[in-house]
Amino acid sequence: MSAFLPAALLPDALGPLAFAAIFAVVVVAAVIRAFTGFGFALLAIPVLVLILPPAQVIPFIFLLELVISVTLLPRLWHEVDFSGLRWLLPGALLATPIGGYVLLIASPEALRLAIGLVVVTAALLMARGLRFRNRPGPAASFGTGLVSGTLNGAAGIPGPPVVLFYLATPAADSVSRATLIAYFTVTDIMGIGVAAWNGLFTWDTLLWALWLTPAMLIGSVLGQTAFSRVNPNLFRRIVLGVLLVTGLIGVAKALMDLLQ
């Protein structure tokens with residue numbers, strides 16, 4: 001496979017098998033993203049940073065996420081909860097710089113451990129039936145956006161608070177999924193802007209996104225097909241399972257880093 005890739009695309013230590021592994025990870029993460037509306041970065045980044053440097057991975061992940069959102073959002077536009085986004089997005093926009101400051105003062109290991117513990121705890125609470133009886137108001141939506149924006153600026157993963165927020169609301173699964181995709185479209189654009197401002201976008205970033213777009217499209221089609229064939233209870237269990245697994249991966253990686 002490496003014979004068909006530009007030399008600039010493959011680091012010295014990266015061979016065909018490593019690229020195949022990266023391709024497979026992107027396919028699986030795209031399946032989850034298309035099926036649940038979230039999870040691409042949560043699943044892909046912890047694995048890909050074991051192969052490539054984080055500063056190289058995160059920018060092209062933002063690009064791939066934006067591509068998958070653009071392919072999914074048009075057909076889901078009519079199901080988006082715009083009243084919720086009206087309060088979620090301002091909170092995220094305001095808090096992202098706060099998260100950036102947290103990133104500067106907190107150790108990456110401590111930050112990853114805190115995020116992983118929050119995700120695991122919330123997923124377990126949701127699995128035990130934590131739900132809002134009524135639709136949350138503007139204050140709850142804005143507060144969720146603040147927490148999400150803080151995580152976006154600090155760790156590049158705004159998803160857990162918003163995912164748990166919509167999973168706990170009475171909104172239909174299709175509405176939750178469509179709204180999450182719309183929300184992450186905006187946060188991905190924000191992430192791309194921040195990465196570009198910090199000088200993390202290079203020609204290699206575009207090459208990686210180009211070569212991995214087929215993997216993302218394959219996963220997107222598979223995930224979209226799967227969503228149309230499952231019942232709401234199974235959807236909820238899969239979403240909670242994804243959150244729990246990704247949270248545990250984050251905790252395990254943070255503990256390993258702290259013990260080194």
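Here the structure is a predicted model, which means the values were calculated and not measured.
Note: Trp208 and Phe60 have parallel aromatic rings, judged against thresholds of 30 and 60 degrees for the angle between ring planes.
Remark: side-chain polar atoms of Ser69 are paired, donor with acceptor, to backbone N or O of Glu65 under 3.5 angstrom. Distance alone, capped at 3.5 Å, is enough to place a donor-acceptor pair between the Arg177 side chain and the Ala34 backbone.
Under the 4.5 Å side-chain heavy-atom criterion for ILVMFWY residues, no single connected hydrophobic cluster contains both Leu212 and Leu17. Follow the hydrophobic side-chain contacts under 4.5 Å out from Leu63 and you reach Leu48 in the same cluster. No single ILVMFWY cluster, assembled from side-chain heavy atoms under 4.5 Å apart, contains both Phe23 and Leu210. Hydrophobic clustering keeps Leu93 apart from Trp87 (ILVMFWY residues linked when any side-chain heavy atoms are closer than 4.5 Å, directly or through intermediates). In the hydrophobic clustering of ILVMFWY residues, with side-chain heavy atoms under 4.5 Å counting as a link, Val26 and Val221 come out apart.
Evaluation of the side chain to side chain contact (heavy atoms under 4.5 Å, CB included) rule for Leu217 yields Thr71, Thr213 as partners, not counting sequence neighbours.
At least one side-chain heavy atom of Leu64 sits less than 4.5 Å from a side-chain heavy atom of Phe40. Using a 4.5 Å heavy-atom threshold, the side chains of Asp204 and Leu207 count as touching. Using a 4.5 Å heavy-atom threshold, the side chains of Phe201 and Ile192 count as touching.
Across Ile68 and Met216, no two heavy atoms sit closer than the pair CB-SD, 3.3 Å. The two atoms that bring Leu88 and Ser141 nearest to each other are CD2-O, 3.1 Å, heavy atoms only. Minimum interatomic distance between Leu73 and Ala178 (heavy atoms only, all atoms of both residues): CD1-O, 4.2 Å. Nearest heavy atom pair, residue Ile61 against residue Ala44, reads CD1-CB, 4.0 Å.
Residue Val245 is found in a hydrophobic cluster whose other members, listed by chain and number, are Ile249; membership requires side-chain heavy atoms under 4.5 Å apart, directly or through intermediates. Other residues sharing a hydrophobic cluster with Met256 under the 4.5 Å side-chain heavy-atom criterion for ILVMFWY residues do not exist; the residue is a singleton.
Note that OH of Tyr183 and OG1 of Thr144 are 8.5 Å apart. Values are rounded to the nearest 0.5 Å. In this structure, the separation between CD1 on Ile181 and OG1 on Thr185 is 7.5 Å, given to the nearest 0.5 Å.
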